[in-house]
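Single-structure report; data block below.
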Amino acid sequence: MLKLFNTLTHRQEEFSPQENNLVKMYSCGPTVYDFAHIGNFRYFLFIDVFSRYLKYKGYKLLNVMNITDIDDKTIKRSNERGIALNEHTKEFTAKFLEDLDLLGAEHPSKIVAATDHINEMIDLIKALDKNGLTYINEGSVYYRISAFNDYGKLSGAKISGNISGKRVNVDEYDKEDARDFVLWKAAKEGEPFWDTAYGAGRPGWHIECSAMAMKYLGESFDIHCGGVDLVFPHHENELAQSEGATGKQFVKYWIHCEHLMIDGQKMSKRENRFFTLRDLTKQGFSPLAIRYSLVSVPYRKQLNFTLDGLRGDETRVKKLQDFRRRLYKSKCESGSSAQISYSIKKAKEAFEEAMDDDLNTSSALAAVSILESEINKAISSESLLEDDKKAALDFFGKVDLVLGIFGEYKEEILDTEIQNLIEERLIARKNKNFARSDEIRKYLAEQGIILQDTKDGTDWRRA
RNA sequence: GCACGUGUAGCUAAGUUGGUCAAAGCAAGGGUCUGCAAAACCCUUAAUCGUCGGUUCGACUCCGACCACGUGCUCCA
């Protein structure tokens, strides 16, 4: 039974979807003003692993993610570049998806852009209007928080009342109450706008998620995800907009992913503590190791990202790949052993138990390591049997379906020239002609083929 | 200032309805294999569980204080 920590109730709850086998989930997506950074990807990989595990558990998943392609930052950047807003945002949406692919993250079932849903937002504002939850001031439409009783139920009482000394009128729009937020911003010079029933303007930050989530998932659905920083005000306001319009519970489980830190401190562009995916791949790190790093710490813990740690994870994923390769290639007698099959069963239980416990990936990985070590011993002592090998491969395959940490395994084929050289070298070695043997090894190394001599012959791999 | 969270071996970290475990990975040391390598594998080392008190027969796990770090209260994954 999967248990999840629900921000709304502030405790761990057993998960069960509204419709018996179908999970409906909304994940807050990127604001496409620039490249996403690894902090963003920590979250997106959490969504990936979470989604994969739901499928692993046998659920059907409808996962919608938004692309925020209209806000202060996207406007600012596109103006700086002197290109149209949507040209700018299309470009960075594409980069975002490329990065997801690179990290082996599955795409959500639906990816939707805010600017494609202006009508839905206006309709939602109308519904709020009808319920007396809005007011207009100088062409902008505001949400009147005092008229919504449940305001604050997601983030807690902490925002009730004025926050002394901190709340200034940062927004250049006028509000009745400092806590009110804008639904529709009146058009300003130099900004894109849409002509609507509420005049020319552009959407406020929160309205897109309410409108799109309800359009694709219904007025009430199962899971809503985001980074912890979104709990307030974004999700609190989203909830207020949605429930204020429908009178129904908007979301049952609110799930929030913790932030990532670099060297124990907050990311900071100014102090050069900041990485995009490209920054890291340029330094030679593999996307797989980056994925492993970001996935290996449970999502509700702050993740301390360090380059030293990443180097370690680089080694780790390489060992995982070597291990799987070794297992594939191991030659086994038929049959199975009671001990190994018990260990495999245990590992599977431990893995699922860990993941069921609010997606404890760290503990799940421990289960993998323990079995890995045991299987390795069996291979070394040539005591691994065929059925156990199959069961083990099956288990690691299932793990990989969820965590995606083994990378691709493909049987590569060498061209015959290289094949022949390897043969020739074997013969040379047999005749103790080591000069020739080393010559061939050196030559192949230059071709990117690394040879490894084993007692069963010569193995090779690409550098 | 207010609110919340974290502090476990060199590093990344799991674990706590209080009484077997203080997982696992990386690093480090040793070994197996090899003509030599490389890779891989095996073994070992290491934590008074932030500090100081309290509760208890017994606390890493509960309570209090303190220190450090982080986050939110403003745009943010």
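A note on names: the letters A, B, ... follow the listed sequences, proteins ahead of strands, and every chain is numbered from 1.
- Within 4.0 Å (heavy atoms only), H37(A) reaches at least one base atom of the nucleic acid.
- Considering only side-chain atoms of L230(A), the nucleotide from C42(B), A23(B), A77(B) that sits closest is A77(B).
- Taking the centre and axis of the six-membered ring of F5(A), the NZ or CZ atom of R300(A) falls inside the cone set by 45° and 6.0 Å.
- Considering only side-chain atoms of I370(A), the nucleotide from G70(B), A23(B), C41(B) that sits closest is A23(B).
- Residue I427(A) contributes atom CD1, which lies 17 Å from atom P of G35(B) at whole-angstrom precision.
- For the pair D34(A) CG and C75(B) P, the interatomic distance rounds to 20 Å; values are reported in whole Å.
- Base-pair partner of A46(B): not found among the strands shown (Watson-Crick or G-U wobble, both distances under 3.5 Å).
- Picking from G70(B), A13(B), U34(B) the nucleotide with the shortest atom distance to the side chain of Q265(A) gives G70(B).
- Between the C1' atom of A77(B) and the CG atom of L103(A) lies a distance of 14 Å, rounded to the nearest Å.
- Nucleic acid contact class of D308(A) (heavy atoms, under 4.0 Å, all strands): none.
- The aromatic ring centres of F250(A) and F221(A) sit less than 6.0 Å apart.
- Look at the C1' atom in both G18(B) and C49(B): the space between them is 14 Å, to the nearest Å.
- Of the listed nucleotides (G72(B), A38(B), A23(B)), A38(B) has the atom at the smallest distance from the side chain of I450(A).
- Atom name P, nucleotides G7(B) and A40(B): the rounded distance is 33 Å, in whole Å.
- Residue contacts for G264(A): at a heavy-atom cut-off of 4.0 Å it reaches the sugar-phosphate backbone alone, with no base atom in range.
- Separation of the P atoms belonging to A27(B) and A38(B) is 16 Å when rounded to the nearest angstrom.
- For the pair D358(A) CG and A14(B) C1', the computed distance is 14 Å after rounding to whole Å.
- Between S362(A) and U12(B), a side-chain N or O to OP1/OP2 separation shorter than 4.0 Å is absent.
- Base pairing of C75(B): no nucleotide in any strand meets the Watson-Crick or G-U wobble criterion (both distances under 3.5 Å).
- Between the side chain of D453(A) and the base of C36(B), a donor-acceptor pair under 3.5 Å is found.
- Which of C73(B), C42(B), A77(B) sits closest to the side chain of F232(A) comes down to C73(B).
- Residue contacts for R326(A): at a heavy-atom cut-off of 4.0 Å it reaches the sugar-phosphate backbone alone, with no base atom in range.
- The partner of U12(B) is A24(B), by the rule that a Watson-Crick or G-U pair needs both atom distances under 3.5 Å.
- Looking at D72(A) and R77(A), no side-chain N of the basic residue comes within less than 4.0 Å of a carboxylate O on the acidic one, giving no salt bridge.
- If you check every strand for non-hydrogen atoms under 4.0 Å, N376(A) touches sugar and phosphate atoms only.
- Comparing the C1' positions of C4(B) and C43(B) gives a spacing of 45 Å, expressed to the nearest Å.
- Results of the salt bridge (charged side-chain N to carboxylate O under 4.0 Å, His left out) test with E372(A) over R324(A), R316(A), K377(A) single out R316(A) as the only residue that passes.
- In this structure, L426(A) atom CG and U34(B) atom C1' are separated by 13 Å, rounded to whole Å.
- Comparing G35(B), A39(B), A27(B) by their nearest atom to the side chain of Q452(A) picks out A39(B).
- Nucleotide G53(B) forms a Watson-Crick or G-U wobble pair with C63(B), both donor-acceptor distances falling under 3.5 Å.
- Residue order along RNA chain B, read from the 5' end via each residue's closest nucleotide, puts R441(A) first among R441(A) and C28(A).
- If you check every strand for non-hydrogen atoms under 4.0 Å, R425(A) touches a base.
- Among the heavy atoms of the strands lying under 4.0 Å from N360(A) are primed sugar atoms or P, OP1, OP2 only; no base atom is included.
- Across G72(B), A27(B), G25(B), the shortest atom-to-atom separation from the side chain of R316(A) is found for G25(B).
- A salt bridge is absent between D263(A) and R273(A): the closest approach of a Lys/Arg side-chain nitrogen to an acidic carboxylate oxygen does not fall below 4.0 angstrom.
- Listed nucleotides: A13(B), A40(B), G70(B). Nearest to the side chain of N304(A): A13(B).
- A close approach under 4.0 Å does not occur between any side-chain nitrogen or oxygen of K301(A) and OP1 or OP2 of U12(B).
- U45(B) sits 23 Å from G50(B) when the P atoms are compared, rounded to a whole Å.
- Rounded to the nearest Å, the gap between the P atom of U12(B) and that of U74(B) is 32 Å.
- Comparing atom distances between the K377(A) side chain and each of C43(B), C36(B), U71(B) picks out C43(B) as nearest.
- Of the possible donor and acceptor atoms, one in the side chain of D222(A) sits under 3.5 Å from a partner among the backbone N and O of K24(A).
- Among the protein residues, M65(A) comes within range of no part of the nucleic acid, since none of its heavy atoms lies under 4.0 Å from any strand.
- Rounded to whole Å, the C1' atom of A9(B) lies 15 Å from the corresponding atom of G29(B).
- OP1 or OP2 of A77(B) lies within a sub-4.0 Å distance of a side-chain N or O belonging to T31(A).
- Rounded to a whole angstrom, the distance from the P atom of C63(B) to that of U55(B) is 15 Å.
- Without hydrogens or angle criteria, N431(A) side chain to N433(A) main chain gives no donor-acceptor distance under 3.5 Å.
- Using a 4.0 Å heavy-atom distance criterion, K318(A) is classed as a sugar-phosphate-only contact.
- Across all strands shown, U6(B) pairs with A68(B); the Watson-Crick or G-U wobble distances both stay below 3.5 Å.
- For the pair D34(A) and K95(A), the salt-bridge criterion is not met [side-chain N within less than 4.0 Å of a carboxylate O].
- When heavy atoms are screened at a 4.0 angstrom cut-off, S380(A) is found touching the sugar-phosphate backbone but no base atom.
- Because its NZ or CZ atom is not both nearer than 6.0 Å to the ring centre of F395(A) and within 45° of the ring axis, K348(A) does not count as a cation-pi partner of that residue.
- Rounded to an integer number of Å, the gap from CD of Q302(A) to P of U6(B) is 10 Å.
- Put simply, the side chain of T276(A) never gets that close to the backbone of H37(A): no donor and acceptor are under 3.5 Å apart.
- S437(A) contributes a side-chain N or O that forms a donor-acceptor pair with the base of G35(B) under 3.5 Å.
- Ring-base stacking between F434(A) and G35(B) is satisfied, the centre separation being under 5.5 Å and the plane angle under 30°.
- Judged by Watson-Crick or G-U wobble contacts below 3.5 Å, the nucleotide C41(B) has G31(B) as its partner.
- Residue R311(A) is the one, among R311(A) and S373(A), whose nearest nucleotide of RNA chain B lies closer to the 5' end (criterion: closest heavy atom).
- You'll find that the side chain of P298(A) is closest to A13(B), out of C26(B), A77(B), A13(B).
- Residue L303(A) is in sugar-phosphate contact alone, with no base atom involved, counting any heavy-atom pair closer than 4.0 Å across all strands shown.
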